[in-house]
Amino acid sequence: MTPLHVGVIAPAWVPVPPPVYGGTEAFVDQLCRGLLAAGHSVTLFTTGDSTCPVPTRWHFPESKGLSGDIVTELQHVQAAHDALSDVDVIHDNTLLGPWWSLTHPDSPPIVTTAHGEFTPELTRLYSAIGRDVGVIALSHAQRLTAPDVPIVEVIHHGVDVDRFPTGAGDGGYLLFLGRMSPDKGAHRAIRAARAAGKHLLLAAKMREPGERRYYAEQVEPLLGPDAVFMGEVGGDRKLSLLAGAEALLNPIRWPEPFGLVMIEALACGTPVVTFAEGSAPEIVRHGTTGFLCTDDADMVEHLRMLPSLDRTACRNDARDRFSTSRMVADHLRLYERVVSDGVAPLVDRARITDDLTVIRSEIRLPEEERTDRP
């Protein structure tokens, strides 16, 4: 493979890597490190307080927080695309950047990862740019929610498994890790853990007004000696909590495009107990690396079955299917294809229903437990 010069654009809101919560920024960090390790040139456009060990450029010296201000993002993406005009391919992880690029037809080929849910509004936006910008989906489940978006590739996230401690799960607790949101289900986690007679630690981002309101109304009243909220954690503290947990309890009730925390748990050898929502069936091997549950009562029952799981199998599965090197290799194949052939969609839209059948067949649930969700 001829070495490529890849320009990677991160959002302006959080440094790369993120000090605590930041799934997109954690992905960008791993992608950049992996591209450099694979012998390619990388220029990361981010904010000046980022510490990712690759060449960086920036417009804002400090990250701008989670304001989502459109003028701020426009300034950021304009400067980014100007700074990366001489690379072979741009991987833009912002929302507005791909739109900005359409005003510059002489810019390098561009791909963008859809990091969020395909809402009706975002589906229309990605459908409009998908013939000029290569849209990457994080999972087959995400892709199937937006059949009108011309997806150029489906690429699962990856992590550097060797940087994750192997845990014995002997901390005497289950762990909820994520953000304080009804969709993430901290209140469901407390109820399920309590019903199963398990101690639960909750570590979650809680900065936005909606997150604080949900916590006050639905989570805080349920806390007690057996359910303790620890605030937001990151770095070594997060890894230590994952390694010591008997399981990651992830009771999502929304079509999550990809759950990075699930593969982080598996990398520590920690099984995942979740619902068969979104990408979870593509990540968790039911009965081997965790359990895919159908309802709250089913989750309680499976929490009592955790001793049947092999933590070594969890770590090995993370290494086999969710490594940084695999993720980087997938992206490099895409970059080469886009540079040489343009951004042709991955498959014909008519085949999407066939893909749904394939995904359902890979969900490791007994037939009677399967639902109509992809």
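With 3.5 Å as the limit, one finds a donor-acceptor pair spanning the side chains of Arg311 and Thr270. Remark: the Asp82 side chain and the His104 side chain contain no N/O donor-acceptor pair separated by less than 3.5 Å. Side chain to side chain, Glu282 and His156 meet the donor-acceptor criterion of an N or O pair below 3.5 Å. Thr166 and Arg315 are linked by a side-chain donor-acceptor pair at a separation below 3.5 angstrom, with hydrogens and angles left out of the test. Between the side chains of His81 and Ser107, no donor-acceptor pair of N or O atoms lies under 3.5 Å.
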**Q.** Criterion salt bridge (Lys or Arg N to Asp or Glu O under 4.0 Å) on Glu264 and Lys238, from CA distance to verdict
**A.** CA-CA 10 Å; Glu264 290 178 335; Lys238 181 181 80 170; 3.1 Å; yes

Q: List the steps and the verdict of side-chain contact (heavy atoms from CB on, under 4.5 Å) for Val149 and Arg143.
A: CA-CA 8 Å; Val149 176; Arg143 171 172 168 251; over 6 Å; no

Q: Could you check Leu201 against Leu241 for side-chain contact (heavy atoms from CB on, under 4.5 Å), going step by step and ending with a plain yes or no?
A: CA-CA 9 Å; Leu201 299 181; Leu241 285 171; 4.0 Å; yes

**Q.** Residues Thr274, Ile252; criterion side-chain contact (heavy atoms from CB on, under 4.5 Å); working and verdict
**A.** CA-CA 7 Å; Thr274 185; Ile252 55 171; 3.7 Å; yes

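Leu249 pairs with exactly one of Ile190, Leu174, Leu202, Leu177 by the side chain to side chain contact (heavy atoms under 4.5 Å, CB included) rule, that one being Leu174. Among Val28, Leu44, Thr43, Ile90, the one residue that satisfies the side chain to side chain contact (heavy atoms under 4.5 Å, CB included) test with Ile9 is Ile90. Of the residues Thr47, Thr46, Asp49, the one that meets the side-chain hydrogen bond (donor to acceptor under 3.5 Å, both in side chains) test with Ser63 is Asp49. Residue Ile136 is tested with Val152, Asn93, Asp330 for a side chain to side chain contact (heavy atoms under 4.5 Å, CB included); the sole match is Val152.
Between Cys52 and Pro17, the shortest heavy-atom distance links the atoms N-CD, 3.7 Å. A pairwise comparison of heavy atoms in Val14 and Pro18 identifies CG1-CB, 3.7 Å as the closest pair. For Tyr335 against Leu4, the heavy-atom pair with the smallest separation is CB-CD1, 3.8 Å. For the residue pair Ala146 and Thr123, the shortest heavy atom distance occurs at CB-OG1, 3.9 Å. The minimum heavy-atom distance between Pro98 and Ile129, with the atom names listed, is CB-CD1, 3.7 Å. When all heavy atoms of Tyr126 and Ala114 are compared, the closest pair comes out as OH-CA, 3.7 Å.
Ion pairing of Arg179 with Glu208 is absent here, as no side-chain N (NZ or NE/NH1/NH2) approaches a carboxylate O to less than 4.0 Å. Contact check on Lys184 versus Glu256 returns a salt bridge, with a Lys/Arg side-chain nitrogen under 4.0 Å from an Asp/Glu carboxylate oxygen. Checked for salt-bridge contact, Asp69 and Lys64 miss the test: no charged N lies under 4.0 Å from a carboxylate O. The pair Asp317-Arg321 counts as a salt bridge, with a side-chain nitrogen and a carboxylate oxygen less than 4.0 angstrom apart. Ionic pairing of Arg207 and Glu232 is present here: one or more N-O contacts between side-chain nitrogen and carboxylate oxygen are shorter than 4.0 angstrom. Salt bridge status for Glu211 with Lys205: present, with a side-chain N to carboxylate O gap under 4.0 Å. Salt bridge Asp162/Arg319: present, at least one basic N to carboxylate O contact under 4.0 Å.
You'll find the side chain of Met206 reaches within 4.5 Å of the side chain of Phe229, heavy atoms only. Here the side chains of Leu31 and His91 are in contact, with some heavy-atom distance below 4.5 Å. Taking the side chain as every heavy atom from C-beta outward, Trp99 and Val77 never approach each other to under 4.5 Å. The side-chain heavy atoms of Arg237 and Met230, taken from C-beta on, include a pair separated by under 4.5 Å.
If you look at His157 and Phe322, their ring centroids are not closer than 6.0 Å. The six-membered or imidazole ring of Phe291 lies near that of His302, with a centre-to-centre distance under 6.0 Å.
Here the CG-OG1 distance, from Asn316 to Thr288, works out to 12.0 Å after rounding to the nearest 0.5 Å. Rounded to the nearest 0.5 angstrom, Met180 CE and His187 NE2 are separated by 11.5 Å. Separating the CG atom in Leu242 from the CZ atom in Phe164 is a distance of 7.5 Å, to the nearest 0.5 Å. In this structure, the separation between CG on Leu84 and OG on Ser101 is 12.0 Å, given to the nearest 0.5 Å. Expressed to the nearest 0.5 Å, how far CG of Asn250 lies from CE of Met299 amounts to 7.5 Å. The distance from the OG1 atom of Thr289 to the CD1 atom of Ile263 is 12.0 Å, given to the nearest 0.5 Å.
Judged by distance alone, with hydrogens and angles left aside, the side-chain atoms of Asp298 form a donor-acceptor pair with the main-chain N or O of Thr294 at under 3.5 Å. Side chain of Asp88 to main chain of His5: a donor-acceptor pair is present (N/O by atom type, distance under 3.5 Å, no hydrogens or angles). For Gln142 (side chain) and Phe118 (main-chain N/O), no donor-acceptor pair under 3.5 Å exists by modelled atom type. Looking only at distances, no side-chain donor or acceptor of Gln218 sits under 3.5 Å from a matching main-chain atom of Ser181.
Note: Phe27 and His331 have tilted aromatic rings, judged against thresholds of 30 and 60 degrees for the angle between ring planes. The aromatic rings of Phe60 and His76 sit parallel, their planes meeting at an angle under 30°, below the 60° perpendicular limit.
Cluster annotation: Trp254 is not connected to Leu292 through the hydrophobic network of ILVMFWY side chains, with a link wherever side-chain heavy atoms come within less than 4.5 Å. Cluster annotation: Trp13 and Trp58 are assigned to distinct hydrophobic clusters (Ile/Leu/Val/Met/Phe/Trp/Tyr, side-chain heavy-atom contacts under 4.5 Å, transitive).
Residue Asp86 qualifies as enclosed at atom CG: its count of foreign heavy atoms under 6.0 Å is above 12.
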